[in-house]
Number of protein chains: 2
Amino acid sequence: MKIRSYKGQTRMLVAVDCIIFGFDGNNFKILLAQKSFAPEKDKYSLMGGFIWAEETVEEAAQRILKRLTGLEGVYLDQIHTFSAPGRDPVERTISVAFVALIDIHKYEKQIIHEYNADWFLLQDKPKLIFDHDDMVDTAKKYLRYKAAMHPLLFELLPEKFTLPQLQALYEGLYETSFDKRNFSRKVLSAGILIRLDEKEKESSKKGAYYFTLDKNKYLNPSKDFLNLIPNPEKHVY
Amino acid sequence: MKIRSYKGQTRMLVAVDCIIFGFDGNNFKILLAQKSFAPEKDKYSLMGGFIWAEETVEEAAQRILKRLTGLEGVYLDQIHTFSAPGRDPVERTISVAFVALIDIHKYEKQIIHEYNADWFLLQDKPKLIFDHDDMVDTAKKYLRYKAAMHPLLFELLPEKFTLPQLQALYEGLYETSFDKRNFSRKVLSAGILIRLDEKEKESSKKGAYYFTLDKNKYLNPSKDFLNLIPNPEKHVY
DNA sequence: CCAAAAGTGTTAACCGTACACCCATGC
DNA sequence: GCATGGGTGTACGGTTAACACTTTTGG
């Protein structure tokens, strides 16, 4: 007997939802969409959508990000699949959650209004529909966990950035503050930054040197572990 | 306009697959099932199944483990969702992969033959159907990654175990060997083990003390990070 | 000249690793 | 009594973290 079909099994909708993080220089932000139709009209949700018949969940997430930000090749990590039977009251839907990290300056303008989307401070985002608040919690934990050892937060910064900006980014994620001498020594000893001659002069009289990522070393890291966070057990999970 | 249904979207099957690890005292093993029906007859696969209409993927994984091992409350981590459109040639199926850690001595007997299941040495498992080899690779990486900092490998050992057994377990996972003096100092300083008076005398004349987990401290770890692996960057990812 | 932020060096504590010998027992 | 595996302590080196002053320049 050859099985050519799986009879009697339940088919269901499969969606992806993206927790899109940005950093404005001082605070972590998250991109949320306001639903324009019932039954969730005016409520906020993550950016998401159903997956199509001929694409993977990763492709679906990239497609949705392209549509909402105009951006291709966004940094994406699949983090968890949410499957409670009642999570979408309309119809059973499984959702695969992704963390997306984008440079907030590049995409800010095109998005807002076009899709009813808005950046929110992570700490005062509105309550979201379905289990999207759980997804955001999971994403925050994931990001803290992974960033303690992997250099992925650079995805949130522009091409050129200063050490004080980078430090503010880490301090924002872990809601703590670091000694700047130790921080700069550590991050520079990782050997993935190149100092430019140019200085950023907006936020101080003296000006801070711009740095840029050494793409070779970043993409082929000899040492994937950064350890920028002292005492990770204080902050991670 | 109220939306009461999602029209025009593709419904699909959702499955779970479990990468079930065991440790026989010397080697890591993995539990595989031999398919008894076409079109994959005689080929090996992971333990899995479709999820039902009224359960989460976690519940489905527990249900399948209960059926195949008789065991409830097995240690389970959701690791990744596999969604390539052609991964199951019969019909499009999304699969959520789980790592399961079980005490091989407890469940060995009931399983074998009942479900055409068998333990294989991880290093010489047969080729598996679909993308199950990818799942096993992902699971191995996940386990190395997580075990470097979290005390989860105890799930693979019986109630009572010796330090040499515990060390062999870690050495097996990372395919390396550790200095036993450093290893025992580290693991004991974590404060989650209780030494019993009893000794294990099978594998040596002198006998090795049995230890057991301090459940309180294990379940409410003050310090979740073990750091049993020196130079994690050598071994992890 | 003063305020504000950037940049830089030293020291002490701790952690990680290497390393070697004695112990207990069954044969 | 000897072979086998179990158990233990020390010392060195590297890493981490704590700490304060000088530099630059716009106003």
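The sequence lines fix the lettering, A, B, ..., with proteins before strands; numbering per chain opens at 1. We use all heavy atoms of the structure for the numbers below, so side chains are in, but hydrogens, waters and symmetry mates are not.
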Are B/Leu101 and B/Leu143 close enough that some pair of their side-chain heavy atoms sits under 4.5 Å apart?
yes
Taking atom C1' of D/dG27 as reference, at what distance in whole Å does atom CD of A/Glu202 sit?
16 Å
Counting any heavy atom closer than 4.0 Å, what does A/Thr162 reach on the DNA or RNA strands: base, sugar-phosphate only, or nothing?
nothing
When you check the gap from the basic side-chain N to the acidic O, do A/Lys106 and A/Glu155 get nearer than 4.0 Å?
no
Nearest-Å distance, CD1 (B/Ile229) to P (C/dT17)?
10 Å
Nucleotide D/dG26, atom C1' - distance to NZ of A/Lys199 in whole Å
13 Å
When you measure only distances, ignoring hydrogens and angles, does the side chain of A/Lys206 come within 3.5 Å of the base of C/dA6 through a donor and an acceptor?
yes
Is B/Lys201 close enough to D/dG5 that one of its side-chain N or O atoms is under 4.0 Å from OP1 or OP2 there?
no
When the distance from CE of B/Met149 to P of C/dG16 is rounded to whole Å, what number comes out?
11 Å
Any chance you could measure A/Leu188, atom CG, to A/Ile194, atom CD1, to the nearest 0.5 Å?
12.0 Å
Measure from CD on B/Glu200 to P on C/dA24 and round the result to the nearest Å.
18 Å
Rounded to whole Å, the NZ-P distance (A/Lys186 to C/dG9) equals 19 Å
On DNA chain D, compare the nucleotides closest to A/Gly207 and B/Ser204; which residue's is nearer the 5' end?
B/Ser204
CZ-CG distance between A/Arg185 and A/Asp179, expressed to the nearest 0.5 angstrom
8.0 Å
Report yes if at least one side-chain N or O of B/Lys205 is closer than 4.0 Å to OP1 or OP2 of C/dC23; otherwise report no.
no
Closest heavy-atom contact between A/Met135 and A/Ser95?
CE-OG, 3.6 Å
Do the charged groups of B/Lys180 and B/Glu171 touch, with an N to O distance under 4.0 Å?
no
Between atom CG in B/Leu228 and atom C1' in C/dC15, what is the gap in whole Å?
14 Å
With sequence neighbours excluded, what pairs up with B/Tyr44 under the ring-ring contact (aromatic ring centres under 6.0 Å, His included) test?
B/Phe120
Could you encode protein contacts along nucleotides 8-15 of chain D as a string, one character per nucleotide from 5' to 3', using B for base contact, S for sugar-phosphate-only contact and - for no contact, with a heavy-atom cut-off of under 4.0 Å?
BBB-----
Which whole-number value in Å describes the distance from B/Leu166 CG to D/dG7 C1'?
15 Å
